[in-house]
Chemist: 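Would you mind keeping the following structure in view while I ask a few things?
In this text, all values refer to a predicted model and were calculated from it rather than measured experimentally. Both ligands and their constituent atoms are indexed starting at 1 by order of listing.
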Amino acid sequence: MTNPHDARTILITGAGSGIGKATAERFHNEGWSVALVDRDEEHGRRAAEALSRDGATCAFFRCDVSDEADVAALLEDVTAELGGIDAAFNNAGIEGEQGATTECTADNFDRIIAVNLRGVWLCLRAELKHMAQQGHGVIVNCSSVAGLIGMPGIPAYVASKHGVIGLTRTAALEHARQNIRVNAVCPGAIETPMLERYMSSTEGGREAMEATEPVGRIGHPEEIADAVFWLCSDRASFVTGHALPVDGGWTAG
Ligand code: NAP
């Protein structure tokens with residue numbers, strides 16, 4: 001399905017909610033084994049149990065992606081239980097608090113960078129070592145339209161998502177000769193609990209978001225899952241180091 005080595009197992013972080021959950025379902029429906037990773041034990045277990053009912057191998061692993069020891073243990077645990085990974089979607093992220101650059105606190109800045117950038121890097125590092133050893137693999141990191149353009153009011157989030165693209169391009173170049181591809185997906189506004197929190201913080205937030213999207217609507221998590229599935233498939237065998245906007249045209253302007 002995915003590569004000459006018939007990749008069949010994917011690790012997905014932040015799989016208990018939103019985009020990660022929809023992506024876990026997408027891969028599961030294609031017959032993949034899925035390691036669902038989340039720091040939220042209840043959401044993550046529930047999502048894994050729902051998929052496991054259909055008989056495919058779906059297991060939950062609790063992990064805070066910003067914690068080095070957690071991430072090191074994660075790869076060991078997933079390998080022991082599922083026999084390793086052929087693909088990974090580093091998707092876990094937080095939005096943090098809103099406020100202009102001059103109002104952003106150091107705590108807020110550090111928290112967002114710890115999860116969205118350090119967390120992606122910690123997972124990426126562990127996955128690359130694993131994949132280099134086995135001689136193949138494909139990784140998709142979750143950036144954002146905020147990784148491609150500036151956005152007033154969310155400076156740390158924007159910095160973290162720009163950083164994810166830098167990590168993606170660098171890892172892609174470092175591992176291009178090792179049969180490992182590394183790409184990023186850059187979602188626009190997608191209907192998830194995170195976006196709901198963001199939109200509900202201002203009056204008329206939903207309408208403003210819909211108006212921002214050139215297509216005039218908010219995207220579905222399944223539309224990101226489709227892009228991630230394509231990037232992980234052999235159909236994208238010559239695509240590496242790319243940051244793919246899936247954003248209803250947001251960054252076209
Ligand atoms: P979501 O519904 O809030 O889901 C994110 C999941 O990640 C939650 O289950 C969350 O658990 C988990 N998570 C947070 N911090 C974690 C950590 N340190 N370790 C492990 N898991 C952690 O958000 P989403 O909208 O699906 O977002 C998924 C990704 O897409 C994020 O990277 C986000 O920045 C990106 N994105 C989203 C949009 C959008 O419009 N929705 C647009 C562009 C990019 P908790 O519930 O405990 O926090």
Side-chain angles (χ1 to χ4, degrees), residues 11-26 35-48 60-71 73-74 88-98 110-124 126 140-149 151 154 156-165 167-168 184-201 205-206 208-210 212-213 215 217-225 227-228 243-248 250-251:
L11 179 158
I12 300 176
T13 67
S17 176
I19 291 169
K21 190 173 169 199
T23 307
E25 284 165 7
R26 176 73 162 94
L36 293 96
V37 180
D38 210 285
R39 69 175 172 189
D40 186 317
E41 183 120 23
E42 197 196 322
H43 284 162
R45 277 205 192 288
R46 218 182 302 134
F60 170 69
F61 299 86
R62 206 214 68 80
C63 170
D64 176 345
V65 297
S66 65
D67 184 300
E68 188 171 15
D70 264 20
V71 174
L74 173 68
F89 180 34
N90 297 318
N91 160 77
I94 58 171
E95 70 276 28
E97 285 155 25
Q98 293 180 51
D110 290 347
R111 203 161 56 87
I112 293 171
I113 295 295
V115 177
N116 295 6
L117 186 56
R118 187 176 195 265
V120 168
W121 166 69
L122 284 172
C123 291
L124 185 62
V140 178
N141 295 321
C142 195
S143 178
S144 166
V145 288
L148 297 167
I149 56 176
M151 288 188 183
I154 46 171
Y157 185 83
V158 167
S160 71
K161 294 299 184 180
H162 274 69
V164 167
I165 294 177
L167 284 177
T168 301
V185 68
C186 302
I190 305 297
E191 194 75 63
T192 69
M194 178 189 286
L195 186 74
E196 188 53 47
R197 288 191 294 271
Y198 183 76
M199 290 187 305
S200 60
S201 64
R206 174 170 291 274
M209 195 55 86
E210 285 167 352
T212 300
E213 281 288 6
V215 294
R217 69 168 175 87
I218 288 166
H220 307 296
E222 292 75 16
E223 293 175 297
I224 305 304
V228 175
L244 176 68
V246 184
D247 66 352
W250 188 332
T251 54

Chemist: I'd like to check which ligand 1 atoms, numbered from 1 as shown, lie under 4.0 Å from a non-hydrogen atom of Ile94.
Modeler: 14 (C), 15 (N)
Chemist: Quick check on contacts: which atoms of ligand 1 are under 4.0 angstrom from a heavy atom of Val115?
Modeler: 15 (N), 18 (N)
Chemist: For atom 40 (O) of ligand 1, which protein heavy atom lies nearest, and how many Å away is it?
Modeler: Ile190 N, 2.8 Å
Chemist: Determine, for Glu191 against Arg217, whether the closest basic-nitrogen to carboxylate-oxygen distance falls under 4.0 angstrom.
Modeler: no
Chemist: Can you list the ligand 1 atoms lying under 4.0 Å from a non-hydrogen atom of Asn91?
Modeler: 28 (C), 29 (C), 30 (O), 31 (C), 32 (O)
Chemist: Going by heavy atoms in the side chains, are Val145 and Pro245 under 4.5 Å from each other?
Modeler: no
Chemist: Are Ser17 and Asp40 close enough that some pair of their side-chain heavy atoms sits under 4.5 Å apart?
Modeler: no
Chemist: Indicate yes or no for a side-chain donor-acceptor contact from Ser143 to the backbone of Val185 under 3.5 Å, with no hydrogens or angles considered.
Modeler: no
Chemist: What protein heavy atom sits nearest atom 19 (N) of ligand 1, and how far off is it?
Modeler: Val65 N, 3.0 Å
Chemist: Is the backbone N or O of Cys123 less than 3.5 Å from a side-chain atom of Asn90, with the two atoms forming a donor-acceptor pair by type?
Modeler: no
Chemist: Do Leu124 and Asn141 touch side chain to side chain, with heavy atoms closer than 4.5 Å?
Modeler: yes
Chemist: Under a 4.0 angstrom heavy-atom cut-off, which atoms of ligand 1 come close to Ile19?
Modeler: 26 (O), 30 (O), 37 (C)
Chemist: Can you tell which of Met194, Glu191, Arg118, Glu95 gets a heavy atom nearest to atom 27 (O) of ligand 1?
Modeler: Met194
Chemist: Pick, from Thr192, Asp38, Leu195, the option with the minimum heavy-atom distance to atom 10 (C) of ligand 1.
Modeler: Asp38
Chemist: Measure the distance from atom 35 (C) of ligand 1 to every protein heavy atom, then report the residue, atom name and distance (to 0.1 Å) of the closest one.
Modeler: Cys142 SG, 3.6 Å
Chemist: Could you tell me if the side chain of Ile190 sits less than 4.5 Å from the side chain of Glu223, heavy atoms only?
Modeler: no
Chemist: Give the residue and atom name of whichever protein heavy atom lies nearest to atom 5 (C) of ligand 1, and the separation in Å to one decimal.
Modeler: Gly93 O, 4.0 Å
Chemist: Closer than 4.0 angstrom, basic N to acidic O: yes or no for Asp70 and Arg62?
Modeler: yes
Chemist: In terms of residue, atom name and distance, what is the protein heavy atom nearest to atom 18 (N) of ligand 1?
Modeler: Asp64 OD1, 2.9 Å
Chemist: Below 3.5 Å, N or O to N or O, backbone or side chain included: is there any such pair between Ser17 and ligand 1?
Modeler: yes
Chemist: Taking non-hydrogen atoms only, is Cys63 closer than 4.0 angstrom to ligand 1 via side chain, backbone, both or neither?
Modeler: backbone
Chemist: Heavy-atom distances under 4.0 Å decide this one: backbone, side chain, both or neither, for Arg197 against ligand 1?
Modeler: side chain
Chemist: Counting only N and O atoms by type, is there a donor-acceptor contact under 3.5 Å from the side chain of His162 to the main-chain atoms of Ala146?
Modeler: yes
Chemist: Heavy-atom distances under 4.0 Å decide this one: backbone, side chain, both or neither, for Val37 against ligand 1?
Modeler: neither
Chemist: Taking non-hydrogen atoms only, is Lys161 closer than 4.0 angstrom to ligand 1 via side chain, backbone, both or neither?
Modeler: side chain
Chemist: Can Gln98 and Tyr157 be said to form a side chain to side chain contact (heavy atoms under 4.5 Å, CB included), step by step?
Modeler: CA-CA 9 Å; Gln98 293 180 51; Tyr157 185 83; over 6 Å; no
Chemist: Testing Val246, Ile149, Ile165 for side chain to side chain contact (heavy atoms under 4.5 Å, CB included) with Cys186, which one passes?
Modeler: Ile165
Chemist: Only heavy atoms of Pro193, strictly under 4.0 Å: list the atoms of ligand 1 that pass.
Modeler: 2 (O)
Chemist: Given 3.5 Å as the limit, does a donor-acceptor pair link the side chain of Asp247 with the main chain of Pro187, or not?
Modeler: no
Chemist: List the closest protein heavy-atom neighbour of atom 21 (N) of ligand 1: residue, atom name, distance to the nearest 0.1 Å.
Modeler: Arg39 N, 3.3 Å
Chemist: Do Ile154 and Tyr198 come within less than 4.5 Å of each other through their side chains, counting heavy atoms only?
Modeler: yes
Chemist: So if I count the atoms of ligand 1 from 1 in the order they appear, which ones are less than 4.0 Å from some heavy atom of Gly14?
Modeler: 6 (C), 7 (O), 12 (C)
Chemist: Just which atoms of ligand 1 are under 4.0 Å from any heavy atom in Ser143?
Modeler: 44 (C)
Chemist: What atoms of ligand 1 come within less than 4.0 Å of a heavy atom belonging to Gly18?
Modeler: 2 (O), 26 (O)
Chemist: Does any non-hydrogen side-chain atom of Lys21 lie less than 4.5 Å from one of Thr192?
Modeler: no
Chemist: Given that the side chain starts at C-beta and the backbone is N, CA, C, O, which of these parts of Tyr157 lies under 4.0 Å from ligand 1, counting heavy atoms, or is it both or neither?
Modeler: side chain
Chemist: Which of these, Ala189, Gly188, Ser144, has its nearest heavy atom closest to atom 38 (C) of ligand 1?
Modeler: Gly188
Chemist: Would Gly20 count as being in polar contact with ligand 1, using the rule that some N or O on each side must be under 3.5 angstrom apart?
Modeler: no
